[in-house]
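Single-structure report; data block below.
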Amino acid sequence: MSTRVLVINSGSSSIKYQLLDVETHEALATGLVERIGQPTGKLKHTGPAGTTTLEQPVPDHEAGMAMVLQLFEEHGPRLVESELTAVGHRIVQGGSVFAGPAVIDDAVLQQIDDLSSLAPLHNPANVAGVRAARHAFPSTPHVAVFDTAFHSTLEPAAYEYAIDREVARRYAIRRYGAHGTSHLYVSRQAAAFLGKDPSEVNVIVLHLGNGASATAVRGGRSVETSMGLTPLEGLVMGTRSGDLDPAVLFHLARVAGMSIDELDDLLNRRSGMLGLSGHTDMRDVHAAVEAGDENARTALDVYYHRIKGYVGSYYAHLGRVDAIVFTAGIGENDDLVRAGALAGLERLGIEVDPERNAGRITEEKVISPDGAEVTVLVIPTNEELEIARQAVETISAG
Ligand code: AMP
């Protein structure tokens, strides 16, 4: 059986895709359709013949997917449907319904759509991507891999908010977490790196990208995670505030007359590093600090302070920590953040070796000194590979 999987990550105005061979881990093609529904769309496809870019309107996801097929047809590799094991879809919110991947049929697609109230920006876009892909590949199985599924092992003590139980039940209010596919992949890779089975190790994963989250993984199971009902809770992010006293919202509604939509926009799109420093990208924040910008300096301090608090909290929850792992855009590339976030934790057995930590790190690497009680690692995440793997496993099990 071929183990080729087309992985699709569909956003409200974009489709990101990768054709992967699960056996060899090779990405045979990658691509991105952007600005769907806007006057000018953009397509980029990288395959065996190099990279092709196109600018043309992409009215909707159906049209986008048709153009992707065309790109494969013209620039390779040729997508013979019979050689595709599955199409794997990244789905953001699986609620309490999906604790693992699911083969997509009409009923599953309806359930994903029904969960849209919990992820109004993401699930409808995911559904649009699935619909278009099912039309494009009608005889290939489609598998949904949920960003929340890895956190379905959280105990009530970790996932319940201390609010009226009846209100919480009626509106499905609880912590679901996110970035689960990345946390699962990275925590398993960490165990393998340490030469152990995932069941034998306790790991804290710090997924620091434009979105950021921390997860405590005990014996291969997620037991605590920083994102909540939505990806807004937890660490400071590129444009999201992370943790905040909810009363800030009532206060702003009362004293500033801000609407629900304005508050949503403030916390999701105009806060975090952008709100504190004026910059979303961590490279720009560092450049501003270098130039003497006090706001940028404070923004970084807030960023480190929040991560350190989570590491301490997760240490307490796990009792014993074998490894702390940095991953994603900032976690893999930013040595200043890795050193800054863990500074001063020597008493917990956590140290970063300046030489090992220096620069961008593109492969799995230890950055703690020899003999350190806690191994600090950088492990590049690969959500696409994990989605492809799970898709193949799900099909094989079926
Ligand atoms: P992600 O969401 O995982 O793709 O991460 C994107 C973020 O990674 C960007 O917004 C940057 O803040 C950060 N990033 C990417 N490359 C670097 C780099 N070389 N140094 C520092 N930060 C980086």
Side-chain angles (χ1 to χ4, degrees), residues 7 9-18 27 30-32 34 44 46 90 92 121-122 125 147 177-187 189 205-215 225-227 230-232 234-242 268-291 293 295-297 299-304 306-307 325-342 352 354 356-365 367 377-387:
V7 175
N9 182 354
S10 170
S12 57
S13 64
S14 67
I15 301 170
K16 216 169 138 184
Y17 59 91
Q18 209 174 100
T30 60
L32 177 64
E34 288 177 286
K44 185 175 169 186
T46 303
R90 177 187 185 215
V92 167
L121 295 178
H122 296 105
D147 236 22
H179 288 153
T181 309
S182 175
H183 287 292
L184 167 65
Y185 173 81
V186 166
S187 57
Q189 291 294 118
V205 181
L206 299 170
H207 176 114
L208 309 178
N210 195 26
S213 63
T215 294
T225 195
S226 60
M227 286 178 166
T230 76
L232 181 55
L235 302 179
V236 177
M237 311 183 209
T239 65
R240 289 179 226 145
S241 61
N268 273 305
R269 286 173 284 281
R270 293 196 289 122
S271 295
M273 297 310 278
L274 179 64
L276 287 170
S277 73
H279 306 286
T280 305
D281 194 301
M282 204 49 100
R283 287 164 287 198
D284 298 333
V285 177
H286 290 308
V289 172
E290 283 286 306
D293 183 331
N295 288 341
R297 179 68 258 165
L300 259 191
D301 289 343
V302 174
Y303 189 86
Y304 297 163
R306 187 78 53 86
I307 294 173
V325 191
F326 286 96
T327 195
I330 297 168
E332 293 164 29
N333 291 308
D334 195 325
D335 50 358
L336 292 173
V337 165
R338 290 191 297 258
L342 299 185
V352 170
R356 291 180 176 178
N357 182 44
R360 299 180 60 201
I361 296 178
T362 54
E363 52 191 32
E364 298 181 359
K365 185 180 176 196
I367 58 167
L377 294 165
V378 176
I379 295 190
T381 193
N382 194 340
E383 289 166 283
E384 287 80 10
L385 178 60
E386 184 57 39
I387 290 171

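Ligands are counted one by one from 1 in listed order, and the atoms in each one are counted from 1 as well.
Listed by number with element, the atoms of ligand 1 under 4.0 Å from a non-hydrogen atom of M282 are 11 (C), 12 (O), 22 (N). The atoms of ligand 1 that sit less than 4.0 Å from any heavy atom of G209 are 1 (P), 2 (O), 3 (O), 5 (O). Atoms of ligand 1 found under 4.0 Å from any heavy atom of I330, numbered from 1 in the order shown, are 8 (O), 12 (O), 13 (C). Interface of D334 with ligand 1, defined as ligand atoms under 4.0 Å from a residue heavy atom, comprises 21 (C).
The nearest non-hydrogen atom to atom 15 (C) of ligand 1, considering only R283, M273, H279, comes from R283.
Of the N or O atoms in G329, one or more lie within a sub-3.5 Å distance of an N or O in ligand 1. Inclusion of N210 in the set of residues having an N or O under 3.5 Å from an N or O of ligand 1 is warranted. Annotation: L208 places no N or O atom under 3.5 Å from an N or O atom of ligand 1; distance criterion only.
Summary of contacts: the protein heavy atom closest to atom 10 (O) of ligand 1 is D281 OD2, 3.8 Å. Scanning all protein heavy atoms for the shortest distance to atom 19 (N) of ligand 1 gives N333 CB, 3.5 Å.
The side-chain heavy atoms of I307 and F326, taken from C-beta on, include no pair separated by under 4.5 Å. Residues T327 and E332 meet the side-chain proximity criterion, which asks for heavy atoms closer than 4.5 Å. Residues R90 and V7 are not in side-chain contact: their nearest non-hydrogen atoms beyond the backbone lie 4.5 Å or more apart. H286 is listed as a side-chain neighbour of V337, based on a closest heavy-atom distance under 4.5 Å. Under the 4.5 Å side-chain criterion, counting only non-hydrogen atoms from C-beta, Q189 is not in contact with P380.
Salt-bridge annotation for R297 and D301: present, with a side-chain N of the basic residue lying under 4.0 Å from a carboxylate O of the acidic one.
Side-chain contact check for T215 and H179: no donor-acceptor pair (N or O, by modelled atom type) lies under 3.5 Å.
Annotation: the span from T239 atom OG1 to N268 atom CG amounts to 7.0 Å, rounded to 0.5 Å.
Not a single protein heavy atom sits closer than 4.0 Å to atom 4 (O) of ligand 1.
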